[in-house]
Amino acid sequence: MPTRPRFRLSAALFATALLGACQATPQLTLSSAPAYSPEWCAAAKSLAPNSGSNLFATGRCHELGIAGFPKEENLYLFYYTQGAR
């Protein structure tokens, strides 16, 4: 009976592969995280170039001063303007 070669993954390689498979996509984070949480805002910002509503949401995150989104008038007005276009 022929033997098959056995491949063994090291524990570190297996853990890395498992963590990579568990990473949420921005779309999933946007739909599952609480609105205007830091995770939700980061997902909206990563998807902003594709959607006016995500540009608006990013502007709102800046206006509210969500963690990681400086509360600066120039930033949120920029995102609101881009979202309106």
Side-chain angles (χ1 to χ4, degrees):
M1 175 174 241
T3 60
R4 288 188 253 160
R6 292 186 181 196
F7 296 100
R8 294 182 187 217
L9 293 175
S10 70
L13 183 60
F14 179 73
T16 302
L18 186 60
L19 285 174
C22 295
Q23 295 294 323
T25 64
Q27 293 90 352
L28 180 60
T29 302
L30 198 60
S31 64
S32 63
Y36 299 105
S37 66
E39 299 83 18
W40 187 90
C41 288
K45 187 172 186 174
S46 70
L47 296 170
N50 303 326
S51 165
S53 62
N54 289 330
L55 285 162
F56 177 84
T58 303
R60 185 77 174 134
C61 292
H62 280 288
E63 185 177 10
L64 295 172
I66 303 298
F69 292 80
K71 189 175 183 175
E72 295 180 19
E73 185 177 3
N74 290 339
L75 281 173
Y76 65 78
L77 290 178
F78 168 78
Y79 282 106
Y80 287 156
T81 302
Q82 293 300 312
R85 290 181 184 188

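Everything numeric in this text was worked out from a predicted model, so none of it was measured. FYI, side chains are in, hydrogens and waters are out, and symmetry mates aren't considered; it's all heavy atoms of this structure.
The backbone N or O of Ala43 sits less than 3.5 Å from a side-chain atom of Ser46, completing a donor-acceptor pair. Without hydrogens or angle criteria, Thr29 side chain to Thr25 main chain gives a donor-acceptor distance under 3.5 Å. With hydrogens and angles disregarded, a donor-acceptor distance shorter than 3.5 Å links the side chain of Trp40 to the backbone of Leu30.
Note that CG of Asn54 is 13.0 Å distant from NZ of Lys45, once rounded to the nearest 0.5 Å.
Nearest heavy-atom pair across Tyr36 and Cys61 is CD2-SG, 3.8 Å. Across every non-hydrogen atom of Glu39 and Ala33, the tightest pair is CB-CB, 4.4 Å.
Between Phe56 and Gln82 the shortest side-chain heavy-atom distance does not fall below 4.5 Å. For the pair Thr58 and Phe69, the minimum side-chain heavy-atom distance is below 4.5 Å.
Evaluation of the ring pair (Phe, Tyr, Trp, His ring centres under 6.0 Å) rule for Phe78 yields no partner, not counting sequence neighbours.
Using cut-offs of 30° and 60° on the angle between ring planes, the pair His62 and Tyr79 is parallel.
Residues Ile66 and Leu75 do not share a hydrophobic cluster, defined by chaining ILVMFWY side chains whose heavy atoms lie under 4.5 Å apart.
A donor-acceptor contact under 3.5 angstrom links the side chains of Tyr80 and Glu63, judged on distance only.
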query = Does the pair Leu47 and Gln27 meet the rule for a side-chain contact (heavy atoms from CB on, under 4.5 Å), with working shown?
reply = CA-CA 8 Å; Leu47 296 170; Gln27 293 90 352; 3.7 Å; yes
